[in-house]
Amino acid sequence: MRFDELGLAPELLRALADQGYTEPTPIQAQAIPVILAGRDLMGGAQTGTGKTAAFTLPLLQRILAFASPSPSPARHPVRVLMLAPTRELAIQVYESVKTYSRHVPIRSCCVFGGVDIKPQIAEIRCGAEVLVATPGRLLDLFEQKCLNFASVQALVLDEADRMLDMGFVPDVTRIINLLPRQRQSLLFSATFSEEIKKLADGMLKSPVLIEVAKRNTVSETITHRVHPVAAEAKRALLVKLLKSADFNQVLVFTRTKIETNRLARELQKAGIAADSIHGDKSQQERLKVLEAFKEGSVLVLVATDVAARGLDIDELPHVINFELPRTPEDYIHRIGRTGRAGKPGTAISLVSASEVEYLVEIEKLIRIQVEQVPVAGFEPEYDYTYPPSGKRGHRRPLPPPPALAPLAAPRSERMTGRNAQREGANRASNGRFPHLAADGFDFSKPYESPAPLVAAVGNDADRALHHSERPHKPRRPVAALLGGLGRK
DNA sequence: AAAAAAT
């Protein structure tokens, strides 16, 4: 399959050729014809598979059919709106739009918070067919009457499951309700929880579902590894790992902004070229640090989940989870920063006893049992393996030192002693995930997160049921918001 | 119980 078989305009093919691209990735080959045909689309694909170009190219082509050569702003109304969950991601999408539109008379513009709004107002006044934005600033500009959505023909939600989760839903819903009902809607993400899928269905008209690789899977070029370690020993272990020859450029994730700062400082003290990025830093600082990391003057970037999604860092070999993320989906996004475009990558997680439950959820979601490798001198006091009872998050104190050896031994060896007990369970899960099968997990069905991101979606009967199950908990007002979500 | 996104 080649790009020139997809019916794209010569000018777009030329822009692709400028980048050295001749063959579409699977998501591009499947999504481009669907988008050209004007259909709604839900696109699930692993990170690093060319999602951005998959929607940018055909949307540019659709605008092209009506493009105006006139310089008047009135003749360049917003036709395509692209929303992203972080400012850096919006910039990245915008750069892609710029790249592919270089040979066509289409204007584009990018707006996001954290920077002076005036230049953005000036730019919008000049007119742009493609507008890339983060939700807050877009609404700000709308309230200042700088924007008119009347001519929007297509909406793209990049990282759609994030755009539709609790924190974003109010803003995104407001924006959607400002757009013309008659429009094309495209949703893209590497992960779609069942809850988000339901919510998304409400805003799509007979959508085409494209799942290139299976939903909620990770790149096969990534090697996963867990180092069990006591929480107090994590920093020392991280320093040791980073100082070992195996590492050069590394992205390290923590769970809080404060820990991000503290850890970066500690690494600097240890003589490691580290810096941190999180949402409390100024936008200028965020971009500067990211740039330093991309060009290589910063070798270790310590980040919150602000950097978990979409960021395309060239040939990043390693991601380390200093702390596991709260939701298993975020693990997929975090480690998706490595192993991009078929290149190899390693994803290492430092897991303490309190995080074992997160690990179990992650292993279920990605359907991989991650190898656990204790590091000499950092062996934890607890055994992190799953006990025969199958009870999650169980931890038991290990016998004194001599018994540390079995913990360090390969997992398979430890398993053998329990084989008899687990035979039945093993068969149920093809023998691949004995501890999960023992827990009653069905591998023939898609995984459903036990903690709904959205409290209640669906018809009144569903809601009533949900309500009666948990009379003690007040329902969140999400249902009210959903009522207005682009229902036709 | 956290991070992101407007000021």
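Note on naming: letters A, B, ... go to the chains in the order of the sequence lines (proteins, then strands), and numbering restarts at 1 for each one.
A:Gly167 comes within 4.0 angstrom of a base, heavy atoms only. Residue A:Asp140 is classed as a base contact, given a heavy-atom separation below 4.0 Å to a base. Residue contacts for A:Arg309: at a heavy-atom cut-off of 4.0 Å it reaches no nucleic acid atom on any strand shown.
Within the structure, a side-chain polar atom (N or O) of A:Thr134 is placed less than 4.0 Å from OP1 or OP2 of B:dA6. For A:Thr86 and B:dA5, the shortest distance from a side-chain N or O to OP1 or OP2 is not below 4.0 Å. The side chain of A:Arg162 contributes no N or O atom lying less than 4.0 Å from OP1 or OP2 of B:dA2. Phosphate proximity of B:dA1 to A:Arg255: absent, as no side-chain N or O sits under 4.0 Å from OP1 or OP2.
Between the CZ atom of A:Phe112 and the P atom of B:dA6 there is a distance of 9 Å, rounded to whole Å. We find that CG of A:Asp116 is positioned 13 Å from C1' of B:dA6, with the value rounded to whole Å. In this structure, A:Glu159 places its CD atom 15 Å from P of B:dA4, rounding to the nearest Å. Between A:Arg334 atom CZ and B:dA4 atom C1' the separation is 14 Å, expressed in whole Å. The distance from atom CD1 of A:Ile117 to atom C1' of B:dA6 is 8 Å, rounded to the nearest whole Å. Remark: P of B:dA5 and CG of A:Asp165 are 13 Å apart, rounded to the nearest angstrom. When rounded to the nearest whole Å, the span between CG of A:Leu141 and C1' of B:dA6 equals 10 Å. The CE-P distance, from A:Met166 to B:dA5, rounds to 18 Å in whole Å.
Which of B:dA6, B:dA1, B:dA3 sits closest to the side chain of A:Lys257 comes down to B:dA3. Closest approach to the A:Val306 side chain among B:dA4, B:dT7, B:dA1 is made by B:dA4 (side chain taken as heavy atoms from C-beta onward). Closest approach to the A:Phe168 side chain among B:dA6, B:dA5, B:dA3 is made by B:dA5 (side chain taken as heavy atoms from C-beta onward). With B:dA5, B:dA4, B:dA2 as the candidates, the nucleotide lying closest to the side chain of A:His278 is B:dA4. Distance from the side chain of A:Arg326 is smallest for B:dA2 among the nucleotides B:dA4, B:dA6, B:dA2.
Under the side-chain hydrogen bond (donor to acceptor under 3.5 Å, both in side chains) criterion, the residue pairs touching residues 113-123 of chain A are A:Gln120-A:Arg137, with sequence neighbours excluded. Pairs of residues two or more places apart, or lying in two chains, never qualify as ring pair (Phe, Tyr, Trp, His ring centres under 6.0 Å) while including a residue from residues 291-317 of chain A.
Ionic pairing of A:Arg309 and A:Asp161 is present here: one or more N-O contacts between side-chain nitrogen and carboxylate oxygen are shorter than 4.0 angstrom.
Across A:Pro207 and A:Leu41, no two heavy atoms sit closer than the pair CB-N, 4.4 Å.
Judged by distance alone, with hydrogens and angles left aside, the side-chain atoms of A:Glu363 form a donor-acceptor pair with the main-chain N or O of A:Val370 at under 3.5 Å.
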